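The model shown is predicted, which means the values in this text are computed figures rather than measured ones.
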Amino acid sequence: MESRPLLIVDGANVVGSRPDGWWRDRAGAAVRLRDALAPVGEAGVPPELPPPVQVVLVVEGAARHVAPAPGVEVVSAPGSGDDTMVELVAAAPDRRRMVVTADRELRERVTALGAEVRGPRWLVR
């Protein structure tokens, strides 16, 4: 059984939370987010999420072809990114699961499965 906490990041939602021109290059914005997440696996997000952490970035749409990088798994949603994140949470019932999103409906769906939720600012502070 995996003991590391599972951090699932809603790529589209987190990228969209910062008005940095992401809409001009959605895939590039997802790559920048993936690269910013790379240290989280070893460093965690103190004090709330101590290391080591399994980091999973869920991408969809124009960012669907973003490749994984050391320390960050990338899951390309075949349909709805929200549905994919719910499936990831449901598949790991015995682990601490934390989802980063500001999507209200997604928050309700994953907390019903026992996951914790944090907003995008928590991750990029």
Side-chain angles (χ1 to χ4, degrees):
M1 180 175 90
E2 176 68 63
S3 62
R4 294 177 297 168
L6 176 61
L7 179 67
I8 302 168
V9 180
D10 182 347
N13 191 269
V14 173
V15 162
S17 72
R18 296 188 293 184
D20 63 359
W22 59 265
W23 52 88
R24 291 188 295 268
D25 180 11
R26 293 172 193 257
V31 166
R32 288 189 298 279
L33 175 58
R34 178 204 63 199
D35 294 349
L37 291 170
V40 173
E42 288 186 23
V45 184
E48 290 182 78
L49 191 61
V53 177
Q54 179 183 0
V55 180
V56 178
L57 173 63
V58 176
V59 295
E60 59 187 308
R64 188 166 283 147
H65 302 291
V66 170
V72 182
E73 298 173 39
V74 177
V75 173
S76 178
S80 161
D82 290 5
D83 290 346
T84 298
M85 287 178 273
V86 170
E87 290 169 10
L88 290 169
V89 167
D94 296 327
R95 294 173 67 183
R96 182 178 182 195
R97 295 145 305 157
M98 187 174 287
V99 177
V100 178
T101 187
D103 182 303
R104 193 173 319 167
E105 182 181 331
L106 177 59
R107 292 172 74 95
E108 291 174 7
R109 291 174 68 190
V110 298
T111 56
L113 295 171
E116 300 169 58
V117 178
R118 299 293 183 275
R121 287 188 198 151
W122 172 81
L123 184 62
V124 294
R125 57 186 159 147

Distance in Å, Leu7 CG paired with Leu88 CG, rounded so as to fall on 0.5 Å steps: 11.5 Å
If Ile, Leu, Val, Met, Phe, Trp and Tyr residues are connected whenever their side-chain heavy atoms lie under 4.5 Å apart, and connections chain through other members, are Val40 and Val72 in the same group? yes
Inter- and intrachain pairs under salt bridge (charged side-chain N to carboxylate O under 4.0 Å, His left out), touching residues 103-119, at least two apart: Glu48-Arg118, Asp83-Arg109, Arg96-Glu116, Glu116-Arg118
In this structure, CG of Asp10 is separated from CE of Met85 (nearest 0.5 Å) by 3.5 Å
As an exercise, state the distance from CD of Glu87 to CG of Leu113, rounded to the nearest 0.5 Å. 11.0 Å
Can you list the steps and then say if Leu37 with Leu123 is a side-chain contact (heavy atoms from CB on, under 4.5 Å)? CA-CA 9 Å; Leu37 291 170; Leu123 184 62; 3.6 Å; yes
ILVMFWY network linking Val58 to Val110, side-chain heavy atoms under 4.5 angstrom: yes
Ala67 versus Val74, closest heavy-atom pair with distance: O-CG2, 3.5 Å
Less than 4.5 Å apart, any side-chain heavy atom of Arg34 and any of Val31? yes
Results of salt bridge (Lys or Arg N to Asp or Glu O under 4.0 Å) for Arg64 - residues two or more places apart only: none
Hey, quick one: are Val100 and Val59 part of the same hydrophobic cluster, counting side-chain heavy atoms closer than 4.5 Å, chains of contacts allowed? yes
Would you find a donor on one side and an acceptor on the other, under 3.5 Å apart, between the side chain of Arg4 and the backbone of Pro52? no
Apply side-chain contact (heavy atoms from CB on, under 4.5 Å) to residues Leu49 and Met98 and explain how you reach the verdict. CA-CA 9 Å; Leu49 191 61; Met98 187 174 287; 4.3 Å; yes
Quick one: do Val14 and Val55 end up in the same hydrophobic cluster if we chain Ile, Leu, Val, Met, Phe, Trp and Tyr together by side-chain heavy atoms under 4.5 Å apart? yes
Return the CG to CG distance between Leu33 and Asn13, rounded to the nearest 0.5 Å. 10.5 Å
Minimum heavy-atom separation for Leu57 to Ala30, with atom names? CD2-O, 4.0 Å
Side-chain heavy-atom pair Leu106, Val86 within 4.5 angstrom cut-off: yes
Approximate separation, where rounding is to 0.5 Å, of Leu6 CG and Asp94 CG: 12.5 Å
